[in-house]
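Report on one structure; see the data block that follows.
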Amino acid sequence: WPTALQTIPAGDSAFLIAATPVLTALFASMAGSDTLTPRKLIGAVISFVGVGIVVVGGPGLGLGASLVGDALTLAAAVCWAVYTSWGAPILASVSPLRMTAWAMVGGSIVLAPIGLIQAAGADWGAVTAGAWAGLVYSTLIPAGVANVVVFHAIKLLGPTRITALQFLVPFIAVLMGAAFLSEAIQPAQIAGGAVIILGVAVTRAYRAPGRLRRRLSRQAIDDTVERHAPKPRSLGVGESGTIDTGRRSGDVRPEPRPWR
């Protein structure tokens with residue numbers, strides 16, 4: 001993805017990478033880690049349209065400026081969707097922290113040869129302190145902490161509902177640009193943000209499957225019956241000096257004492 005950003009505008013990249021939640025919804029159903037419902041798919045498409053509105057209303061959309069860059073960005077979206085969809089079932093037996101750690105180790109091994117080749121010709125003296133700080137921040141927060149948090153959420157709610165929040169990234173970037181860089185917000189970007197939020201709301205609206213609803217209803221009934229069931233009570237001290245603790249209920253009654 002960073003390589004693709006060198007050849008295509010940021011608006012194109014934001015629009016193409018926003019395909020990740022849509023791809024995740026499709027791949028998660030194939031991997032068996034989530035269920036693709038019409039509500040989730042419609043919500044994802046609505047948010048994707050909202051991202052397009054935000055991009056067109058801001059930097060503009062010029063797809064085709066670099067087909068290689070576009071292809072690399074879509075490949076990045078596919079890779080993340082595959083990782084999320086097929087990685088979600090592993091969370092049943094592996095913690096999000098351990099999964100993230102092994103993913104980073106594996107990625108480092110794959111990228112190390114390429115990185116060493118590029119590092120050999122780099123001018124290290126020209127690297128500023130701010131660039132080093134950015135590297136440390138990117139390594140610890142977005143790549144480390146954020147991934148652990150995201151996979152904790154995926155473990156609880158599933159990949160489709162969580163990756164749908166990624167649609168908000170372009171709109172949040174617009175708001176942060178206005179707050180910290182004094183960039184003007186266009187009316188179309190506000191409208192696109194509203195469409196994104198609508199789509200995310202549709203995607204995240206939860207309705208338990210019929211089997212789960214029936215199971216929860218039975219559990220609620222059982223809990224109510226148990227909570228209101230009569231408790232054992234003392235019936236007094238018998239001739240032997242022990243306390244009779246028979247249960248007064250419709251099924252079990254104390255044994256009658258013989259008349260004398």
Side-chain angles (χ1 to χ4, degrees), residues 1-89 103 107 138 142-143 146-147 149-151 153-154 157-177 188-205:
W1 182 32
T3 302
L5 276 173
Q6 298 176 354
T7 59
I8 63 175
D12 293 7
S13 178
F15 180 73
L16 293 174
I17 207 69
T20 302
V22 179
L23 295 173
T24 300
L26 299 175
F27 290 164
S29 64
M30 296 169 57
S33 57
D34 209 339
T35 303
L36 180 61
T37 62
R39 184 193 69 252
K40 292 179 181 179
L41 185 58
I42 291 173
V45 172
I46 290 174
S47 292
F48 187 70
V49 172
V51 171
I53 296 174
V54 170
V55 173
V56 172
L61 191 63
L63 296 176
S66 172
L67 295 180
V68 174
D70 293 344
L72 288 175
T73 305
L74 285 175
V78 170
C79 289
W80 180 253
V82 169
Y83 173 52
T84 305
S85 301
W86 272 270
S138 299
N147 272 324
V149 172
V150 165
F151 273 93
I154 289 175
L157 299 177
T160 303
R161 296 176 67 198
I162 297 304
T163 54
L165 295 174
Q166 187 173 331
F167 284 123
L168 296 171
V169 172
F171 184 58
I172 293 175
V174 170
L175 298 179
M176 294 184 67
Q189 293 175 312
I190 298 176
V195 174
I196 293 172
I197 294 173
L198 173 63
V200 172
V202 171
T203 303
R204 288 179 52 79

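Atoms CD1 and OG, on Ile197 and Ser47 in that order, are 9.5 Å from each other to the nearest 0.5 Å. Rounding to the nearest 0.5 angstrom, the gap separating the CD1 atom in Ile17 from the CH2 atom in Trp80 is 10.5 Å. Taking CD from Gln166 and CD1 from Ile196, the interatomic distance works out to 11.5 Å, rounded to the nearest 0.5 Å. Note: Ile46 CD1 to Leu198 CG = 5.0 Å, rounded to the nearest 0.5 Å.
Nearest heavy atom pair, residue Leu26 against residue Leu36, reads CD2-CD2, 3.9 Å. The nearest pair of heavy atoms linking Pro159 to Thr84 is CB-CG2, 3.7 Å. Considering every non-hydrogen atom in both Ala25 and Thr160, the closest pair reads CA-OG1, 3.7 Å. Smallest separation of non-hydrogen atoms from Leu165 and Val200: CD2-CG1, 3.8 Å. Heavy atoms only, all atoms of each residue included: Phe167 and Ala18 are closest at CE2-O, 3.1 Å. What you find for Ile53 and Ala188 is that their closest heavy atoms are CG2-O, 3.2 Å.
Without hydrogens or angle criteria, Ser33 side chain to Pro89 main chain gives no donor-acceptor distance under 3.5 Å.
In this structure, Asp34 and Lys40 have side chains that are in contact, with non-hydrogen atoms separated by less than 4.5 Å. Counting heavy atoms from C-beta on, the side chains of Val78 and Phe27 come closer than 4.5 Å.
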